[in-house]
**Q** 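Quick one: structure below, then a few questions.
Residues: numbered from 1 along the sequence shown. All values below were derived from every heavy atom in this structure, side-chain atoms included, with hydrogens, water molecules and symmetry-related copies excluded.
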Amino acid sequence: MTLELTFLGHSGFLMSDGGHTLAVDPFLTGNPVATMAAGDVQCDAIALTHGHSDHFGDTLAIAQANNANVIAAFEMCNYLQEQGHDNVNPGNPGGRIDTGFGWVAFTHAFHSSSYEGRYMGMPCGLVVHMGGTTVYHCGDTGLFGDMKLIGEIYEPDAACVPIGDRFTMGPELATKAAELIGAPVAIPIHYNTWPPIAQDPSHFAPAGVEVKVMAPGDTLTI
């Protein structure tokens, strides 16, 4: 089985196994590099790493348009219910949620999480198992040693790793993160959206890992 990853830009993806589609951090409106509009997204589910607007993005509009199940931290799910969207699936770091397409597990991420000044729970990474393939989306995070343990436990086929610096790891620390995770493929994310996170992805060069640099709109089959 295979999984298709379509890069939405910044940190967002559509993941599809041919029967189900999951949107991850669908930030499109206001995203200067996005090639797709929120109204173009068709999905069964949405998974969120944290509540910042460049990740929460168009979640509410997409969820309502598709009656999509939103998999996210408890506080984000509460917020969505307050906005009238009850199809939610709350979790927290260390937890795993079984879904119609497979499962999503929450990992730690070292960052913050708020939306319009409101606390949105713990920031997370996401491990998505779909189409027989496992992808570790690190979310927004600094480097931490348990990335090695996450790699050993989940054995991801690919890792999506932030490299933009300032708010997350830069290329050098992200290189170490990808080596700790040990996935055979790494995709750099969260860079070159705005000048403060401008980076040259060629500096993201983990040993023994194939780096796949994706432009917004690109699709990768894993």
**Q** Is any side-chain heavy atom of Pro123 closer than 4.5 Å to a side-chain heavy atom of Thr49?
**A** no
**Q** Does either side chain, that of His52 or that of Asp140, offer a donor lying less than 3.5 Å from an acceptor on the other one?
**A** no
**Q** Could you state the interatomic distance from CD1 (Ile163) to NE2 (His203), rounded to the nearest 0.5 Å?
**A** 10.0 Å
**Q** First locate atom SG of Cys124, then atom CG of Leu48, and finally report the distance between them rounded to the nearest 0.5 Å.
**A**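 It is 10.0 Å, given to the nearest 0.5 Å.
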**Q** Using 0.5 Å steps for rounding, measure from the CG atom of Asn67 to the CG atom of Asp44.
**A** 10.5 Å
**Q** Would you call Asp165 and Tyr191 a side-chain contact if the rule is heavy atoms closer than 4.5 Å?
**A**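 No, side chains not in contact.
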**Q** Calculate, to the nearest 0.5 Å, the distance between atoms CG and CG belonging to Asp25 and Leu8 respectively.
**A**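 Asp25 atom CG to Leu8 atom CG measures 9.5 Å (nearest 0.5 Å).
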**Q** Side-chain heavy atoms nearer than 4.5 Å, only ILVMFWY residues, links allowed to pass through others: does that put Met120 and Met122 together?
**A**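 No, Met120 does not connect to Met122 through the hydrophobic network.
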**Q** Could you go through Val33 and Asn192, starting from their C-alpha distance and side-chain angles, then the distance that decides it, and tell me whether this counts as side chain to side chain contact (heavy atoms under 4.5 Å, CB included)?
**A** CA-CA 9 Å; Val33 301; Asn192 287 355; over 6 Å; no
**Q** Is there a donor in the side chain of Thr133 and an acceptor in the side chain of Asp157, or the other way round, less than 3.5 Å apart?
**A** no
**Q** Could you label the plane-to-plane angle of the Phe7 and Phe13 rings as parallel, tilted or perpendicular, counting under 30° as parallel and over 60° as perpendicular?
**A**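 Aromatic pair Phe7/Phe13 classed tilted.
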**Q** Can you find a heavy atom in the side chain of Met36 that is under 4.5 Å from one in the side chain of Leu14?
**A** yes
**Q** Taking all non-hydrogen atoms of both residues into account, name the closest pair between Gln83 and Gln64 and its distance.
**A** O-NE2, 3.6 Å
**Q** Going through the distances and angles, do His55 and His190 end up as a side chain to side chain contact (heavy atoms under 4.5 Å, CB included)?
**A** CA-CA 10 Å; His55 296 261; His190 204 275; 3.5 Å; yes
**Q** Are side-chain heavy atoms of Ser16 and Thr6 found at a separation under 4.5 Å?
**A** no
**Q** Any side-chain donor-acceptor pair under 3.5 Å between Asp146 and His108?
**A** no
**Q** Ring centres under 6.0 Å, that's the criterion: do Tyr79 and Tyr115 meet it?
**A** yes
**Q** So Phe106 and Ile71, do their side chains get closer than 4.5 Å, heavy atoms only?
**A** yes
**Q** Between Val127 and Trp103, does a side chain to side chain contact (heavy atoms under 4.5 Å, CB included) hold up when you go through it step by step?
**A** CA-CA 8 Å; Val127 181; Trp103 49 261; 3.8 Å; yes
**Q** Would you kindly say whether His111 and Thr141 are connected by a side-chain donor-acceptor distance under 3.5 Å?
**A** no
**Q** Can Ile189 be reached from Val211 by stepping across I, L, V, M, F, W or Y side chains whose heavy atoms are under 4.5 Å apart?
**A** no
**Q** When hydrophobic residues are tied together by side-chain contacts of less than 4.5 Å, even through go-betweens, does Val24 share a cluster with Val41?
**A**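 As far as the 4.5 Å side-chain criterion goes, Val41 and Val24 are not connected within one cluster.
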**Q** Just so I know, are the side chains of Ile150 and Ile181 near enough to count as touching, which here means a heavy-atom distance under 4.5 Å?
**A**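 Not in contact.
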**Q** If hydrophobic clusters are built by linking Ile, Leu, Val, Met, Phe, Trp and Tyr wherever their side-chain heavy atoms come under 4.5 Å apart, do Val70 and Val128 end up in the same one?
**A**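 Each belongs to a different hydrophobic cluster.
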**Q** Got Ile187 and Leu5 here, is their nearest side-chain heavy-atom distance under 4.5 Å?
**A**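 The answer is yes, as the side chains (C-beta and beyond) meet within the 4.5 Å cut-off.
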**Q** So if you build clusters from Ile, Leu, Val, Met, Phe, Trp, Tyr with side-chain heavy-atom gaps below 4.5 Å, do Leu220 and Val209 land together?
**A** no
**Q** Is there side-chain contact between His85 and Asn87, with at least one heavy-atom pair below 4.5 Å?
**A** yes
**Q** Donor-acceptor pair, Gln199 side chain versus Gly164 backbone, under 3.5 Å?
**A**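 Judged by distance alone, yes, a pair lies under 3.5 Å.
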**Q** May I ask you to decide whether Lys176 forms a salt bridge with Glu172, counting only side-chain N to carboxylate O separations under 4.0 Å?
**A**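 No salt bridge links Lys176 with Glu172.
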**Q** Which heavy atom of Asp17 sits nearest a heavy atom of Leu3, and at what distance?
**A** N-CD1, 4.0 Å
**Q** For the atom pair OG1 (Thr168) and CD1 (Ile197), what is the distance rounded to the nearest 0.5 Å?
**A**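 Thr168 OG1 to Ile197 CD1: 7.0 Å, rounded to 0.5 Å.
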